[in-house]
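We count ligands from 1, going down the list as the structure has it; atoms in each ligand are counted the same way.
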Amino acid sequence: MTPTSQMPHILDLFRLDGRHALVTGGAQGIGFEIARGLAQAGARVTIADLNPDVGEGAARELDGTFERLNVTDADAVADLARRLPDVDVLVNNAGIVRNAPAEDTPDDDWRAVLSVNLDGVFWCCREFGRTMLARGRGAIVSTASMSGLISNHPQPQAAYNASKAAVIHLTRSLAGEWASRGVRVNAVAPGYTATPLTRRGLETPEWRETWLKETPLGRLAEPREIAPAVLYLASDAASFVTGHTLVVDGGYTVW
Ligand code: NAI
């Protein structure tokens with residue numbers, strides 16, 4: 001048995017000093033709080049987001065760097081990964097939602113949602129994963145959703161739910177492929193969280209009422225309540241965890 005004095009302190013396992021973390025969709029909402037959490041744990045942070053107006057200020061606040069990126073553009077993702085070959089932690093967080101009844105979903109809505117939420121995650125995993133594999137180390141955490149495990153109601157969002165279920169299974173697939181080469185791949189599955197993404201839903205009384213009633217903890221999450229789960233999976237504290245989706249949903253999926 002290793003004596004306690006020779007073991008790393010358990011809280012030190014959560015530190016990310018000297019590591020470079022890149023967060024897509026980190027300009028606001030959940031992504032910004034994840035970026036803030038990783039920076040507080042010692043990482044150098046790059047926020048990669050479509051929106052420079054918000055993203056540049058967000059990166060400045062964390063003494064980090066902003067990169068304008070559309071995750072749906074595979075060439076742009078490849079270019080960024082070539083320019084930043086030292087990313088140790090990739091957080092695939094950029095995501096969008098469109099609400100439409102399945103039978104009336106326009107092709108463009110379906111494509112837009114799948115293209116950001118699934119294609120974008122895969123392009124980033126492929127490109128940043130390649131450099132992690134070359135260095136023999138890395139941790140990837142994707143923001144999936146409880147919508148990948150249940151189908152939400154009353155709002156219709158089949159494309160979103162399908163995209164998040166795919167992210168959960170992509171996570172398992174990549175974890176299996178890359179485990180023996182030092183790269184762990186995990187996901188978090190948040191429940192309803194108060195961000196610009198859910199603002200419209202909160203303003204719709206029927207949606208709001210159902211969301212609160214069906215969440216055992218009786219409220220929405222604050223974005224900062226998702227960040228510790230991401231930090232855990234990104235850090236050495238989770239050195240034996242891969243292919244996992246950590247649910248942070250106030251209990252929504254227990255009923
Ligand atoms: P948000 O709308 O507040 O922030 C999303 C960020 O992603 C924005 O900064 C936006 O500019 C960026 N983005 C959008 N499309 C992009 C693209 N093509 N390329 C690069 N960046 C892009 O959303 P929120 O709520 O913070 O969501 C973050 C993630 O969490 C998403 O993947 C979302 O699906 C997921 N999620 C959100 C939940 C919620 O209740 N808010 C619940 C479960 C999951």
Taking only distance into account, with no hydrogens and no angle test, what donor-acceptor pairs under 3.5 Å do side-chain atoms of residues 151-159 form with protein atoms, sequence neighbours excluded?
unit_1: Asn152; atom_1: OD1; unit_2: Ser147; atom_2: OG; d: 2.9
unit_1: Asn152; atom_1: OD1; unit_2: Gln157; atom_2: NE2; d: 3.0
unit_1: Asn152; atom_1: ND2; unit_2: Ser147; atom_2: OG; d: 3.4
unit_1: Asn152; atom_1: ND2; unit_2: Tyr192; atom_2: OH; d: 3.0
unit_1: His153; atom_1: NE2; unit_2: Glu214; atom_2: OE1; d: 3.2
unit_1: His153; atom_1: NE2; unit_2: Glu214; atom_2: OE2; d: 3.4
unit_1: Gln155; atom_1: OE1; unit_2: Trp211; atom_2: NE1; d: 3.2
unit_1: Gln155; atom_1: NE2; unit_2: Gln157; atom_2: OE1; d: 3.4
unit_1: Gln155; atom_1: NE2; unit_2: Tyr192; atom_2: OH; d: 3.0
unit_1: Gln157; atom_1: OE1; unit_2: Asn99; atom_2: ND2; d: 3.3
unit_1: Gln157; atom_1: NE2; unit_2: Asn161; atom_2: OD1; d: 3.0

Ordered by chain then number, the protein residues lying under 4.0 Å from ligand 1 by heavy atom are Gly25, Ala27, Gln28, Gly29, Ile30, Asp49, Leu50, Asn51, Leu69, Asn70, Val71, Asn93, Ala94, Gly95, Ile96, Val116, Thr143, Ala144, Ser145, Tyr160, Lys164, Pro190, Gly191, Tyr192, Thr193, Thr195, Pro196, Leu197, Thr198
Would you say CG of Asp17 has more than 12 non-hydrogen atoms from neighbouring residues, nucleotides or ligands within 6.0 angstrom?
yes
What pairs with Asn51 under side chain to side chain donor-acceptor pair (under 3.5 Å), at least two apart in sequence or on another chain?
none
Glu33 and its side-chain contact (heavy atoms from CB on, under 4.5 Å) partner, picked from Glu222, Arg224, Glu225
Arg224
Looking at every non-hydrogen atom in both residues, tell me the closest pair between Val54 and Ala27 and how far apart they are.
CG1-O, 3.4 Å
Co-members of Leu149 in a cluster of I, L, V, M, F, W and Y side chains, linked at under 4.5 Å
Ile168, Val247
